[in-house]
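The sequence lines fix the lettering, A, B, ..., with proteins before strands; numbering per chain opens at 1. Remember, it's a predicted structure, so these values are computed and weren't measured experimentally.
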Amino acid sequence: MPDSLPHREEEIRTLARILITSLKGDTPSNIMIYGMTGTGKTVVSKLLMKALQDKSEILENQYFSFFMDIHSTFMPTWLDNALREAVSFLGIEELFGREVIRDIFKPVKCIYINCQQMDTQYRVLTQIANRLTPFNDEDRLPVSGLPMDEVHSRLLGKLDSSDSLIIIILDEVDRLVFKSGDDVLYTLTRINEELSNSRVSLLGISNNLHFLEYLDSRVKSSLGAEELVFHPYNANQLRDILKQRSEEAFYPEAIDYDVISYCAALAAQENGDARKALDILRVSAEMAERDHSPKLSDIYVRQAQKKIEMDRVNQVVRTLPLQTKLVLYSILQLKLGGRIKTTTKEVVETYSNYAQRLDLTVLGRRQVVNLMGELDKLGLIQSKVISFGRHGRTTVVEANVPSTEILNNLHNGILSRLKGIRPRLIYNTSF
DNA sequence: TATCCACCGGAAGCCTTGGGGG
DNA sequence: CCCCCAAGGCTTCCGGTGGATA
Ligand SMILES: Nc1ncnc2c1ncn2[C@@H]1O[C@H](COP(=O)(O)OP(=O)(O)O)[C@@H](O)[C@H]1O
């Protein structure tokens, strides 16, 4: 976690003002944060949670009446100042009257859930429960097996017995909803009604700005009580971030200002993604070092950008489920055979052919289309529906990755048996 | 301008997998 | 040991549709 987060001061201030009330026993409103990847949603949220927990721990041990008396040991001063600013903005310097302290104050606990991995109701709820349970405790919830009502009541027990204010971060919550529906969110937004000792407050993070519109209206108003958008960084902001981070981490003297600016400019084009910017800089530095190059030049930066993208694609391809691999394989073979663009029908036929040769179950048209949808989401192919008027409609597909290289990658394992088998090109429609 | 092709893609339901509890 | 249940992978069913053509 970086020491500071340039160009997120405003967002941090806003969040601090909402969340700081947790220190005087209130339950902060639920919050939704939106923004593209790499706009700092996760770091900012995690950092604030850490700060709150830190303050809360001190408060828990010492029961100060005034916020200004709480001095944390490790917290960076800028962050401490942000919290203090929020406190004075809200005029809540005096946290508690002496007598009521023990009645009102609840320790703040934060739970971070990445919904990309925890993408079912069962997993999310058990994960929350288990974060409140010691690792070797015997009543941790199992990864599967229990009926949901059992999970639900055990979760309630865990929450209530922790006797605290629990802030749950649901990162990539849009993925969870698109995959498993909003039932979990419904449960979580209403869970306070079933608790007597504890309170739950939610912080959702979404890439999709219109995420709330997919929700049940009751969930919508609760989860979206406070909304905040993290806008993409521009090139100048990215440059500041890179500068700040490279001073912390890399080899300061070897990186000159032009290279940083260049990385920033490239990443600015990619939706202002700070992660991308940092990756490009880091990888190009590694490449230059490997070459014993005294200077980190633009050439390395461009190479790094290519390498990062290629690594990502190869990684994704390698971890694809078998049938999905075979569908991609078919599309790439068609491309190699001259079909830059092809159609669903042709893909399905080629695929079936290959699947038969491999003695795999041959999936039907519908499922192949689903798998093509997956490939599209992953950015490996591009598909779009076009109409031939009287002659019906179809989806035209185009591979988005270099065929030879990716085919090579796919030629591991079972698919290697398909080496050298060309697809048959039957249709001669042109687009 | 109404038709109608040939496929799209949502919804629901089926079957299987795998762990838990009684 | 048997039955319960969530989830994943897949099929079945079917209403929907953009636009060239009659
Ligand atoms: N303002 C910033 N200053 C320094 N580093 C940042 C800043 N914003 C993002 N980063 C870094 O960029 C990367 C991606 O940020 P992250 O919070 O994961 O983005 P998001 O959650 O929006 O996709 C992280 O490594 C983070 O440390």
Side-chain angles (χ1 to χ4, degrees), chain A residues 113-130 133 136-158 172-188 210 213-216 319-331 334 339 341-352 354-356 358-378 381-398 414 426-431:
Chain A
I113 307 273
N114 187 333
C115 300
Q116 219 175 358
Q117 293 136 37
M118 306 296 144
D119 58 359
T120 65
Q121 309 185 48
Y122 189 96
R123 289 209 265 265
V124 170
L125 297 186
T126 52
Q127 183 74 9
I128 294 170
N130 285 341
T133 316
N136 45 7
D137 202 301
E138 78 282 350
D139 62 288
R140 286 176 72 82
L141 303 200
V143 292
S144 77
L146 300 178
M148 281 308 291
D149 54 358
E150 178 74 14
V151 171
H152 188 253
S153 63
R154 291 226 224 159
L155 172 63
L156 282 180
K158 290 286 183 190
E172 321 249 8
V173 62
D174 44 342
R175 298 218 176 212
L176 171 66
V177 170
F178 288 132
K179 194 177 160 242
S180 310
D182 61 2
D183 291 6
V184 214
L185 295 185
Y186 187 77
T187 307
L188 288 175
H210 307 292
E213 290 159 26
Y214 298 91
L215 302 180
D216 174 286
T319 53
L320 247 30
L322 182 58
Q323 296 277 18
T324 316
K325 274 186 182 166
L326 195 52
V327 172
L328 178 62
Y329 186 86
S330 310
I331 294 170
L334 284 165
R339 281 280 198 277
K341 297 185 176 186
T342 181
T343 62
T344 305
K345 193 175 187 188
E346 209 162 40
V347 174
V348 170
E349 269 171 40
T350 320
Y351 154 84
S352 313
Y354 284 137
Q356 261 167 10
L358 292 175
D359 269 327
L360 294 176
T361 34
V362 183
L363 304 179
R365 193 256 334 167
R366 190 64 185 83
Q367 182 61 6
V368 173
V369 168
N370 281 344
L371 298 182
M372 283 167 60
E374 298 292 316
L375 293 173
D376 194 322
K377 272 190 230 151
L378 292 168
I381 64 175
Q382 270 179 340
S383 50
K384 117 167 173 253
V385 182
I386 66 164
S387 169
F388 297 107
R390 193 73 177 204
H391 306 293
R393 304 136 57 71
T394 187
T395 305
V396 171
V397 201
E398 184 177 2
I414 306 182
I426 311 148
Y427 310 97
N428 45 5
T429 29
S430 56
F431 311 104

* Starting at the 5' end of DNA chain B, which residue's closest nucleotide do you reach first, A:Gly392 or A:Thr395? -> A:Gly392

* What residues form a side-chain hydrogen bond (donor to acceptor under 3.5 Å, both in side chains) with A:Tyr122, not counting sequence neighbours? -> none

* To do: Identify whether any heavy atom of A:Gln121 sits under 4.0 Å from a base atom; if not, whether one sits that close to sugar-phosphate; answer base, sugar-phosphate or nothing.
  => sugar-phosphate

* Going from CZ on A:Arg366 to CG on A:Leu371, what distance comes out if it is rounded to the nearest 0.5 angstrom? -> 10.5 Å

* Asked: Over how many whole Å does the gap from A:Asn370 atom CG to C:dC13 atom P extend?
  -> 17 Å

* Asked: Hey, is the side chain of A:Arg393 pairing donor to acceptor with the base of C:dT17 inside 3.5 Å?
  -> yes

* Asked: Reckon A:Lys179 touches a base, only the sugar-phosphate, or nothing at all at heavy-atom distances under 4.0 Å?
  -> sugar-phosphate

* Asked: Closest nucleotide of DNA chain C for A:Gly145 versus for A:Asp119: which of these residues is on the 5' side?
  -> A:Gly145

* Asked: Heavy-atom distance under 4.5 Å between the side chains of A:Leu375 and A:Leu320, does that happen here?
  -> yes

* Can you tell me how far the CG atom of A:Leu146 sits from the CG atom of A:Leu125, to the nearest 0.5 Å? -> 11.5 Å

* Choosing from C:dC5, C:dT21, C:dG8, which nucleotide comes nearest the side chain of A:Pro147? -> C:dC5

* What nucleotide among C:dA7, C:dG9, C:dT21 has an atom nearest to a side-chain atom of A:His391? -> C:dT21

* For the base of C:dG18, is there a side-chain donor-acceptor partner from A:Ser387 under 3.5 Å away? -> yes

* Would you call A:Asp139 and A:Arg154 a salt bridge, taking side-chain N to carboxylate O under 4.0 Å as the test? -> no

* Nucleotide range of DNA chain B contacted by chain A, 5' to 3', under 4.0 Å to a heavy atom? -> B:dT3 to B:dG21

* Could you give the distance from CD1 (A:Ile128) to CD1 (A:Ile113), rounded to the nearest 0.5 Å? -> 5.0 Å

* In whole angstroms, how far is the C1' atom of C:dA7 from the CZ atom of A:Phe178? -> 20 Å

